[in-house]
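Heads up, the thing below is written out as structure tokens.
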There are 4 protein chains.
Amino acid sequence: MKNNNTDRKARGRPRDEAATASILRAALELADEVGFDALSVEGVAARAGVGKTTIYRRWANVWAVVMDAVLADVVRAAPIEEHATARESFRASMRSLAKAYRGKTGKLLRPLIGRAQIDADLRQAVRARWVEPRRRIAREVVRRGVERGELREGLDADVVFDALYGPIYHRLLVPYDDAPLSEAFIDQVVDHVFGGLERNPGGGGHPARR
Amino acid sequence: MKNNNTDRKARGRPRDEAATASILRAALELADEVGFDALSVEGVAARAGVGKTTIYRRWANVWAVVMDAVLADVVRAAPIEEHATARESFRASMRSLAKAYRGKTGKLLRPLIGRAQIDADLRQAVRARWVEPRRRIAREVVRRGVERGELREGLDADVVFDALYGPIYHRLLVPYDDAPLSEAFIDQVVDHVFGGLERNPGGGGHPARR
Amino acid sequence: MKNNNTDRKARGRPRDEAATASILRAALELADEVGFDALSVEGVAARAGVGKTTIYRRWANVWAVVMDAVLADVVRAAPIEEHATARESFRASMRSLAKAYRGKTGKLLRPLIGRAQIDADLRQAVRARWVEPRRRIAREVVRRGVERGELREGLDADVVFDALYGPIYHRLLVPYDDAPLSEAFIDQVVDHVFGGLERNPGGGGHPARR
Amino acid sequence: MKNNNTDRKARGRPRDEAATASILRAALELADEVGFDALSVEGVAARAGVGKTTIYRRWANVWAVVMDAVLADVVRAAPIEEHATARESFRASMRSLAKAYRGKTGKLLRPLIGRAQIDADLRQAVRARWVEPRRRIAREVVRRGVERGELREGLDADVVFDALYGPIYHRLLVPYDDAPLSEAFIDQVVDHVFGGLERNPGGGGHPARR
DNA sequence: GTATAAACGAGACGGTACGTCAGGTCTTTCT
DNA sequence: AGAAAGACCTGACGTACCGTCTCGTTTATAC
């Protein structure tokens, strides 16, 4: 968003927050109805009951709108919470992420990450507002897992993160239609990866592993 | 591609294969020069020295052209070869895939998979021509790894595939700029995942693991 | 009009003359309905059932369209015919011109000449296609009037033209609403210019006249 | 102009006359720099360092501003003064008008009269503030010319005005680029109209003249 | 050898959307 | 209460491409 929240007292008529909101809503509605590739600034403006300039005053193009709309909607999904062990912390948060991706969140985030492959601004935004916060928490979880003796020392937390969440995004993004993001799948991934991460492999695994 | 190679003897002037080739070449050149989102049928036709109809006679839209152009270029990259153990087979092929993704192949495949998130035809094509062949070979490798006693029984080969290749695609597609597809990264992933997959976890790991 | 009628062999699909015609018709209709200043390429295209590009392919802007439309309509009005004397030739053609200006022709030509005050291309077009042909004929009429002994020698035909037609355009263009382009007015102008205003013509003239 | 100079005691902050002046100045400057058709309220406001509302509070649109700016500038040009004879009075004032039209005044008035062809308000304003005062004086000059025996009786002063000034406006407004508003031209017009074109003036006139 | 058929390049066609500009209005803060 | 600033909705601008449709031409097979 261009909006600079400087403390300078605003002169002139202030931005209409209702307009901003109705633009974001319209973008999501239209994306749902006609698909992301058929989105147009013109269409969003019409649906939002707003002039095109009102959109261009706030964003540079439709995808910037979509980014704000989607991320606002998506960020509250699937937080990472800590449990007793790193294994349980990750298993729980991966399950909730998979659940989110099975529903609306996946429908919204997939096109966004897709578009990010050719749109540097969008890529940067997704990184800063979606990926990085999650990586940050994961690093903490890994750190404590090592401290507590649950995990081997010398682990690169980012590699752990890739190893655990990579499979989920693989099924989400790399075309393979028979691949559900089921809980069973998550459990298998966790077992596979933790089996190798734990100092005492084979011990304390998830029941599904037996 | 629409081209149906029926045995019926063609009447009229035959398709000009040189035109087909120059269209594909032009598409890749332009993608490289102006980017994938700035590609247009018109531009490709002009660059290829070809009428627009000649393109539309062969493909439905630019992305179908791109798909053919990219996949033709990409399929020969990173074959999966078998080594003595499943671990070594995967490690070798993952290394060569990562190498390919670090170069031109990644530059071409990323936009394609990105676009596949909102283009069903493209998604289907990527699945059939890129993903499925690799999954098929991987299943075989896993099967033989179990047969030979290297791997635990009851493994779902597709989950193994996700667990191993997921991290690579994660770094390729999910924005996180400090994440290189280095050989060290591949080795770590292999170690993490195989440490959990092996019947006797903790034994016979890659030297890097010690 | 951009249309270059060169002998160059036409390549590609030929221009649709029906489209050209319907554009010109639509322009005149809209000018009549909403006025010349409310004309827009968009409006004309919509009315003509034509894409905007089809208009821009032929003309540079609305006023160029209007110019073609108006001049095509107007040029056939009020030809200059020769009579026995120059006086009668001019009187007749001035009358018919005044009549034309009282009706549709005036309605069309006034905005055109108005716009020509700030539009160099239009000015040039009006000159070449409307004014110049009339001046040319007038010069001939004056020349023969002199030959035949009806008119004084040494006359500048263009000044004569200005003296005769100027008053008509004065009433047409310079705002003065009580001034009709009546036949009586024409006759008075002809009499004044051909016969002089002075009670004793030829006396007291400016030295320049000698 | 909207400005109503009623005696009503002004309430609130009084109009800033400096703003009014700088708007008019900005309008003329911009007209000179970018041309009359590229004038915009926005541009004038920016140049004058004034809000758009400040302009809209005083005038209805740009052309109303231009009208005020131009007429204020132009009205003082080329007054009609009386000389010994009507012929000399007109000759002198026509010369000074032609001179004005050759310079800045022509550059300003031409677009204004041009625009008046499609703008009723402007037409009315030009009539009242430019044309009518000149016609009024001319009527007086003609009246006295008749009284004094210089001019024939029964003349319609407005027709005389058209006959004398029409040729000037003809050259000014009707595109004919080789036509200068020279003094020689003025003299010829005066001679033609006052003295007649015919070698033997008074002969062969139209019946209406008797 | 002459139809017949289809592909070819060129480019016009009716459209959609782009991103920009200006119109004229409205709302806020400052003077 | 006027002025500046600037956001608002509207509507048109001129451009780029879309995917379709003639054109006249070329290159094959079929008669």
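So that the names make sense, note that chain A is the first sequence line, chain B the second, and so on, each numbered from 1. A quick note: this is a predicted structure, and the numbers were derived from the prediction, not measured.
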Write down the distance between [atom1] ([X]) and [atom2] ([N]), rounded to a whole number of angstrom.
X: D:I23; N: F:dG2; atom1: CD1; atom2: P; answer: 15 Å
X: C:W59; N: E:dA12; atom1: CH2; atom2: C1'; answer: 14 Å
X: C:R47; N: E:dG14; atom1: CZ; atom2: C1'; answer: 18 Å
X: C:I55; N: E:dC13; atom1: CD1; atom2: C1'; answer: 13 Å

Which pairs of donor and acceptor atoms, one on a side chain in residues 118-128 of chain D, lie under 3.5 Å apart (sequence neighbours left out)?
residue, atom, partner, partner atom, Å
D:D119, OD1, D:D121, N, 3.1
D:D119, OD1, D:L122, N, 3.1

Go through the structure and list residues passing side chain to side chain contact (heavy atoms under 4.5 Å, CB included) with [X], not counting sequence neighbours.
X: B:N61; answer: B:W63, B:A64
X: C:S22; answer: C:R25, C:A48, C:V50
X: A:V41; answer: A:K52, A:I55, A:Y56, A:V62

Task: Which residues share a salt bridge (charged side-chain N to carboxylate O under 4.0 Å, His left out) with C:R47, sequence neighbours left out - done: C:E29, C:E33
- [ ] Report the residues that fulfil salt bridge (charged side-chain N to carboxylate O under 4.0 Å, His left out) with B:K104, sequence neighbours left out, ordered by chain and then residue number.
- [x] B:D73
Open item on the list: Could you check whether B:T20 and B:R15, counting side-chain N and O atoms only, form a donor-acceptor pair closer than 3.5 Å?
Closed with: no
Open item on the list: For the CG atom of C:L108 and the CG atom of C:L71, what is their distance to the nearest 0.5 Å?
Closed with: 9.5 Å
Task: Nucleic acid contacts of residues 27-35 of chain B, taken as heavy-atom distances under 4.0 Å to DNA chain E - done: none
Task: Protein-to-nucleotide contact annotation, 5' to 3' order, nucleotides 7-13 of chain F [B base; S sugar-phosphate only; - none; under 4.0 Å, heavy atom] - done: BBBB-BB
